[in-house]
*Asks:* 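Following this message is one structure expressed as structure tokens.
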Amino acid sequence: MQPDCLSAEGERRCRRLLAGATARLRARPAAAAVLVPLCSVRGVPALLYTLRSSRLAGSHKGDVSFPGGKCDPTDQDVVHTALRETHEELGLTVPEEHVWGVLRPVHDRQKATVVPVLASVGPLDPQSLRPNPEEVDEVFALPLAHLLQAQNQGYTHFCRQGHFSYTLPVFLHGPHRVWGLTAIITEFTLQLLAPGAYQPRLASPERPTG
């Protein structure tokens, strides 16, 4: 049964669980930060995603992502980075008091630290947003109920030198496949929001933090 993640009780529980990590990690230097936007679409709890512009440079163009980007020297901390980047990418202003806390950091292939910041952005119609076309091709939401269904969850196994190395999650059957760091952050978010309804089915002792 899906919990009411948007209830006041659910928010208090999540804020309490994230308080220690938030205090410890908020001001710690990081390469980048992303916002994990928890929203309500026609009354249904969902996570908001972006499809990165195909015009961007680098290997991540056209990938599903959360809004975010590199930390700027003028940013006060990773929370401000995530909120600033979300406004720049989506034109969406998220008040700092709507931030629930900081999730476990992940690391990209270059070992750069990416910090996820969970926030409630309230009732939202993704089609009403006006994303920056230089950075974002599309904005879409996936209901938590969709993400929690086993038939929409998959895993990719990675091998090194012919031997099994680690397994990463992937979320399927939405408008776009959610994989990579975004899938890992999605998994962290589901474990926090719905601990009884979502449990990783596969694990590896060598699984990386990102």
Side-chain angles (χ1 to χ4, degrees), residues 5-6 10-11 13-39 45-52 60 63-72 75-90 92-122 124 135-136 139-142 144 147-148 153 166 168-171 174 176-195 198 200 207-210:
C5 303
L6 299 181
E11 178 178 345
R13 182 187 66 85
C14 291
R15 284 180 179 269
R16 184 174 65 251
L17 290 172
L18 294 175
T22 301
R24 186 174 69 255
L25 298 170
R26 178 166 181 162
R28 186 176 296 180
V34 298
L35 193 75
V36 183
L38 177 61
C39 61
L47 295 181
L48 190 70
Y49 296 88
T50 70
L51 188 68
R52 291 171 60 87
H60 298 296
D63 285 354
V64 170
S65 179
F66 288 115
K70 293 181 179 178
C71 294
D72 189 277
D75 292 332
Q76 182 178 332
D77 52 34
V78 292
V79 169
H80 285 89
T81 297
L83 298 180
R84 173 183 57 77
E85 286 282 344
T86 298
H87 185 264
E88 291 176 2
E89 291 183 16
L90 303 181
L92 180 63
T93 300
V94 181
E96 187 174 341
E97 57 266 26
H98 289 192
V99 172
W100 289 11
V102 172
L103 297 167
R104 190 191 320 173
V106 295
H107 302 87
D108 64 15
R109 292 178 181 176
Q110 287 72 45
K111 307 300 182 184
T113 301
V114 180
V115 179
V117 177
L118 180 66
S120 173
V121 300
L124 189 69
E135 298 192 61
V136 176
V139 185
F140 65 97
L142 288 177
L144 295 182
L147 294 166
L148 289 170
Q153 301 165 6
Y166 59 92
L168 296 182
V170 58
F171 294 90
H176 304 282
R177 182 172 63 112
V178 180
W179 67 290
L181 291 186
T182 304
I184 296 172
I185 296 169
T186 297
E187 183 173 86
F188 290 168
T189 304
L190 294 176
Q191 288 177 284
L192 174 72
L193 296 176
Y198 180 83
R207 178 173 169 169
T209 55

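Below, all heavy atoms of this structure are taken into account, side chains as well, without hydrogens, waters or symmetry copies. Remember, it's a predicted structure, so these values are computed and weren't measured experimentally.
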*Asks:* Below 4.5 Å, heavy atoms only, C-beta onward: do V99 and L83 meet side chain to side chain?
*Replies:*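 Yes - at least one pair of side-chain heavy atoms lies under 4.5 Å apart.
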*Asks:* Spell out, as yes or no, whether a donor-acceptor pair under 3.5 Å connects the side chain of R13 to the backbone of L193.
*Replies:*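 Checking the backbone N and O of L193 against the side chain of R13, a donor-acceptor pair under 3.5 Å is found.
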*Asks:* In Å, rounded to the nearest 0.5 Å, how long is the span from CZ of R28 to CZ of R24?
*Replies:*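 If I round to the nearest 0.5 Å, the distance is 6.5 Å.
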*Asks:* Does a side-chain heavy-atom distance below 4.5 Å link F171 with L47?
*Replies:*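 Of all side-chain heavy-atom pairs linking L47 with F171, none is under 4.5 Å.
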*Asks:* Any salt bridge linking D75 with R84? Criterion: basic side-chain nitrogen under 4.0 Å from a carboxylate oxygen.
*Replies:*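 Salt bridge present between D75 and R84.
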*Asks:* How far apart are the closest heavy atoms of V64 and T182, and which atoms are they?
*Replies:*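 Nearest heavy atoms, V64 then T182: O-OG1, 3.1 Å.
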*Asks:* So which heavy atom on A21 is nearest to which on V102, and how close?
*Replies:*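 In this case the closest contact between A21 and V102 is CB-O, 3.9 Å.
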*Asks:* Can you tell me how far apart CG (L168) and CG (L181) are? Round to the nearest 0.5 Å.
*Replies:*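 Nearest 0.5 Å value for the CG-CG distance: 8.5 Å.
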*Asks:* With side chains defined as the heavy atoms from C-beta onward, is the minimum distance between V121 and T86 less than 4.5 Å?
*Replies:*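 V121 vs T86: side chains apart.
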*Asks:* Begin from the C-alpha positions of T189 and L147 and carry the test side-chain contact (heavy atoms from CB on, under 4.5 Å) through to its verdict.
*Replies:* CA-CA 11 Å; T189 304; L147 294 166; over 6 Å; no
*Asks:* Give the intermediate values and the outcome of side-chain contact (heavy atoms from CB on, under 4.5 Å) for residues F188 and V106.
*Replies:* CA-CA 10 Å; F188 290 168; V106 295; 3.6 Å; yes
*Asks:* To the nearest 0.5 Å, what is the distance between CG (L190) and CG (L144)?
*Replies:*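 Rounded to the nearest 0.5 Å, the CG-CG separation comes to 6.5 Å.
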*Asks:* Describe, in one word, how the ring planes of Y49 and F66 are oriented to each other, choosing from parallel (under 30°), tilted (30 to 60°) and perpendicular (over 60°).
*Replies:*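 Taking F66 first and then Y49, their aromatic rings lie parallel (interplane angle under 30°).
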*Asks:* Check H107 against K111 and note the closest heavy-atom contact, atom names and distance.
*Replies:*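 Looking at all heavy atoms of both residues, the shortest contact is CD2-O, 3.9 Å.
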*Asks:* Rounded to the nearest 0.5 Å, what separates atom OG1 in T50 from atom CZ in F140?
*Replies:*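 Atom-to-atom, T50:OG1 and F140:CZ are 7.5 Å apart.
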*Asks:* Using atom types as modelled and distance alone, determine if a side-chain donor or acceptor of T22 lies under 3.5 Å from a backbone N or O of L18.
*Replies:*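 Between the backbone of L18 and the side chain of T22 there is a qualifying donor-acceptor contact (under 3.5 Å).
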*Asks:* Any donor and acceptor pair, going by atom type alone, linking the side chain of E85 with main-chain N or O of V34 inside 3.5 Å?
*Replies:*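 Looks like no, no N/O pair under 3.5 Å.
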*Asks:* A side-chain contact here means heavy atoms from C-beta on lying under 4.5 Å apart; do L92 and L35 qualify?
*Replies:*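 Not in contact.
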*Asks:* Using every non-hydrogen atom in the two residues, find where H98 and V94 come nearest and quote the distance to one decimal.
*Replies:*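 H98 and V94 have their closest heavy atoms at CB-CG1, 4.1 Å.
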*Asks:* Considering all heavy atoms of both residues, which atom of E135 and which atom of E89 are nearest to each other, and what is their separation?
*Replies:*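 What the structure gives for the nearest pair is OE1-CG, 3.5 Å.
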*Asks:* When you look at L25 and V78, which way does the side-chain contact (heavy atoms from CB on, under 4.5 Å) test go after all the steps?
*Replies:* CA-CA 8 Å; L25 298 170; V78 292; over 6 Å; no
*Asks:* Short question: side chain of R177, backbone of D63 - any donor-acceptor pair under 3.5 Å?
*Replies:*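 Checking the backbone N and O of D63 against the side chain of R177, no donor-acceptor pair under 3.5 Å is found.
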*Asks:* Roughly how far, to the nearest 0.5 Å, is the SG atom of C14 from the CG atom of L103?
*Replies:*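 Rounded to the nearest 0.5 Å, the CG-SG separation comes out at 9.0 Å.
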*Asks:* How about H80 and D77: do any of their side-chain heavy atoms sit closer than 4.5 Å?
*Replies:*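 Touching, per the 4.5 Å side-chain cut-off.
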*Asks:* Return yes if some donor-acceptor pair links the side-chain N/O of R104 with the main-chain N/O of P116 below 3.5 Å, else return no.
*Replies:*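 Judged by distance alone, no pair lies under 3.5 Å.
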